[in-house]
Number of protein chains: 2
Amino acid sequence: MSLSTALISVDLVAFKLASNNRLQVLTHQLPETPLLQLPAGRIDSEQDQSLQDTAKRQLERFTKEPATYYEQVITIGDNHRDSRGWSLTVVYYALLQPSDEQMLSEDSRWIDIVDGKPAEPLAYDHSQLVMEALARMKNKIQYSALPIYLLPEAFTLSDIQNVFSIVLDKAPPMRSIRNRFINSDLLINTGQKRHGSNRPATLYRANANSNNWLFDRLYLTTRA
Amino acid sequence: MSLSTALISVDLVAFKLASNNRLQVLTHQLPETPLLQLPAGRIDSEQDQSLQDTAKRQLERFTKEPATYYEQVITIGDNHRDSRGWSLTVVYYALLQPSDEQMLSEDSRWIDIVDGKPAEPLAYDHSQLVMEALARMKNKIQYSALPIYLLPEAFTLSDIQNVFSIVLDKAPPMRSIRNRFINSDLLINTGQKRHGSNRPATLYRANANSNNWLFDRLYLTTRA
DNA sequence: ACAGGTTAGTGAACATAATTCACTATGTTA
DNA sequence: TAACATAGTGAATTATGTTCACTAACCTGT
């Protein structure tokens with residue numbers, strides 16, 4: 001049988017750095033269901049101009065915090081993931097800036113990523129989807145400006161290193177991060193410093209007009 | 001209105017190196033239609049276990065030559081590409097080895113890529129899809145074993161450089177290609193040579209068991 | 001005021017891989 | 001057998017990440 005249609009859903013893997021120094025993924029729980037699941041939903045032909053709009057709407061169902069970055073990961077289609085037959089799932093991931101305030105809906109929760117997967121089991125194949133999105137993100141973070149999207153407006157170079165530590169479980173040397181980011185035009189010195197119980201660190205913000213979003217090599221400390 | 005379904009098609013951008021030293025893309029023409037178009041079709045829930053199966057079937061409709069490589073590029077969904085409303089298109093590209101014999105169906109043709117786009121106009125947004133696939137392929141060729149997939153069973157290092165010349169309009173120095181590929185375990189010396197009107201060149205074949213499919217940097221001569 | 005602690009940041013030597021270029025090697029062809 | 005053309009090597013240079021020792025700046029406790 002040839003199909004002109006199939007069940008379509010757009011699933012969103014939203015990542016955020018939490019104050020416990022963990023990467024977290026947004027989940028929610030439906031009433032009467034035992035397992036947490038990813039935000040997912042169908043295309044709304046009225047509201048959505050694109051698939052990314054659909055992904056964005058899924059995020060907005062559970063939090064008011066906007067994502068700083070969206071990327072389509074993969075589209076999975078097969079006939080065994082949904083008992084009703086052929087199903088098609090477009091997977092996006094999104095990056096959010098850290099936030100203390102919980103602008104979350106009641107039924108949703110940020111779950112830690114531990115050892116490369118969600119710390120709690122997810123419904124359907126959602127753990128697998130998280131892992132796919134995470135793999136993509138872990139790769140891209142090594143040769144792009146991605147780390148910045150997981151940080152607040154103003155951040156230090158150490159914050160960038162911290163992103164690597166959390167996401168990759170290891171980080172390039174500060175010297176390497178410094179060289180790369182300072183030599184690029186990705187950062188703008190805010191003129192401000194972050195003060196702690198030590199020498200204050202320079203605070204930077206992202207340069208929206210940068211043309212160095214991609215680098216042409218990976219850090220050596222992080223490759224396979 | 002919320003949709004559980006939409007029109008879905010899988011579109012295939014099949015690339016091949018032609019004897020005129022051009023990259024070509026497979027197209028076909030339906031009767032009564034003025035423009036060429038890409039192989040595309042719907043999921044067949046009986047035959048297709050995955051979306052790649054669907055892509056593969058599209059290729060097989062027009063040629064018996066198998067592809068050596070498939071990669072999903074992007075899924076595009078919106079409400080203006082098809083007059084019937086929301087449509088969803090999963091785009092794949094495939095790489096084929098060069099071939100003299102034409103095992104093509106009557107209605108299909110390989111079209112040159114000139115200046116980064118098909119030399120002839122294509123129907124719908126298919127030129128755009130070719131360009132998206134080409135962009136992805138041009139990037140990946142610079143840090144992976146991809147060039148090999150566009151070459152015949154046995155090939156020389158110069159052939160690899162030639163792939164770069166054709167696909168990117170410029171190529172890394174032979175010394176760089178040599179160092180990279182010889183130091184990896186991607187190539188197996190067949191022991192044979194290709195003879196011309198000059199010093200014979202060593203013929204290699206791909207090592208299927210290589211674990212160096214990806215490199216950790218781009219060639220400098222080819223970057224932006 | 002000032003010493004000690006802690007993190008931020010710099011300078012210089014080293015490592016790795018691409019690039020450049022001069023040079024050698026090995027075949028075909030006139 | 002010399003001319004040629006392309007294959008392939010060796011060594012210096014360049015670019016960028018890594019390592020490590022050292023300096024800088026601020027806070028804290030006395």
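Order of the sequence lines sets the chain letters (A, B, ...), proteins ahead of strands, with each chain counted from 1.
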Inset, instruction - Check every strand shown and say whether B:R180 touches a base, only sugar-phosphate, or nothing at a heavy-atom separation below 4.0 Å. - result: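 Touches sugar-phosphate only.
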Inset, instruction - Scan A:N183 against the nucleic acid and name what it touches under 4.0 Å (heavy atoms): base, sugar-phosphate only, or nothing. - result: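 Contact class for A:N183: none.
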For atom [atom1] of [X] and atom [atom2] of [N], their distance in whole Å:
X      : N      : atom1 : atom2 : result
B:I182 : D:dG8  : CD1   : C1'   : 10 Å
A:K170 : D:dT18 : NZ    : P     : 11 Å
A:N162 : C:dA8  : CG    : P     : 10 Å
B:Q142 : C:dA18 : CD    : C1'   : 13 Å
A:F215 : D:dG17 : CZ    : P     : 8 Å
A:M174 : D:dG17 : CE    : C1'   : 14 Å
A:F164 : D:dT18 : CZ    : P     : 10 Å
B:L220 : C:dT20 : CG    : P     : 9 Å

Inset, instruction - Between A:R175 and B:R217, just flag the one whose closest nucleotide in DNA chain D comes earlier from the 5' side. - result: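 Counting from the 5' end, the first nearest nucleotide belongs to B:R217.
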Inset, instruction - Could you check whether the rings of A:Y92 and A:Y70 sit parallel, tilted or perpendicular, using 30° and 60° as the cut-offs? - result: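 A:Y92 vs A:Y70 ring planes: perpendicular.
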Inset, instruction - On the 0 to 90° scale, with breaks at 30° and 60°, tag the B:Y69-B:Y93 ring pair as parallel, tilted or perpendicular. - result: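 Because their plane-to-plane angle lies in the 30° to 60° range, the rings of B:Y69 and B:Y93 count as tilted.
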Would you say [X]'s side chain and [Y]'s backbone share a donor-acceptor pair under 3.5 angstrom?
X      : Y      : value
A:D112 : A:V114 : no
B:T27  : B:R109 : yes
B:Q161 : B:P173 : no
B:S108 : B:S105 : yes

Inset, instruction - For B:D53, enumerate each residue passing the salt bridge (charged side-chain N to carboxylate O under 4.0 Å, His left out) test, keeping only those at least two apart in sequence or located in another chain. - result: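 In terms of salt bridge (charged side-chain N to carboxylate O under 4.0 Å, His left out), with neighbours along the sequence ignored, B:D53 is linked to no residue.
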Inset, instruction - Could you pick out which residue, A:T202 or B:S176, lies toward the 5' side of DNA chain C when each is mapped onto its nearest nucleotide? - result: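 The 5'-side residue here is A:T202.
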Inset, instruction - Under the side-chain hydrogen bond (donor to acceptor under 3.5 Å, both in side chains) rule, collect the residues that match up with B:R205, sequence neighbours excluded. - result: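 side-chain hydrogen bond (donor to acceptor under 3.5 Å, both in side chains) check on B:R205 returns nothing, list empty.
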Legend entry - Contacts of type side-chain hydrogen bond (donor to acceptor under 3.5 Å, both in side chains), residue A:T63, not counting sequence neighbours: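 With sequence neighbours excluded, A:T63 shows a side-chain hydrogen bond (donor to acceptor under 3.5 Å, both in side chains) to no residue whatsoever.
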Inset, instruction - Could you tell me whether the side chain of A:L218 reaches within less than 4.5 Å of the side chain of B:Y143, counting heavy atoms only? - result: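 No; the side chains remain at least 4.5 Å from each other.
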Inset, instruction - Tell me which residues in residues 144-161 of chain A put a heavy atom below 4.0 Å from DNA chain D, sorted by number, or none. - result: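 Per residue number, the list is empty: none.
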Please list each protein N or O that sits under 3.5 Å from an N or O in nucleotides 26-28 of chain D, with the distance.
none

Legend entry - Dot-bracket encoding of pairs in DNA chain C, which uses [ ] for pseudoknotted crossings and | for another strand, Watson-Crick or G-U under 3.5 angstrom: ||||||||||||||||||||||||||||||
Legend entry - More than 12 heavy atoms from other groups under 6.0 Å of CD on A:Q192: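 Check fails, neighbour count at 12 or below.
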Inset, instruction - List the steps and the verdict of ring pair (Phe, Tyr, Trp, His ring centres under 6.0 Å) for B:F164 and B:Y219. - result: CA-CA 11 Å; B:F164 283 103; B:Y219 289 110; 5.5 Å; yes
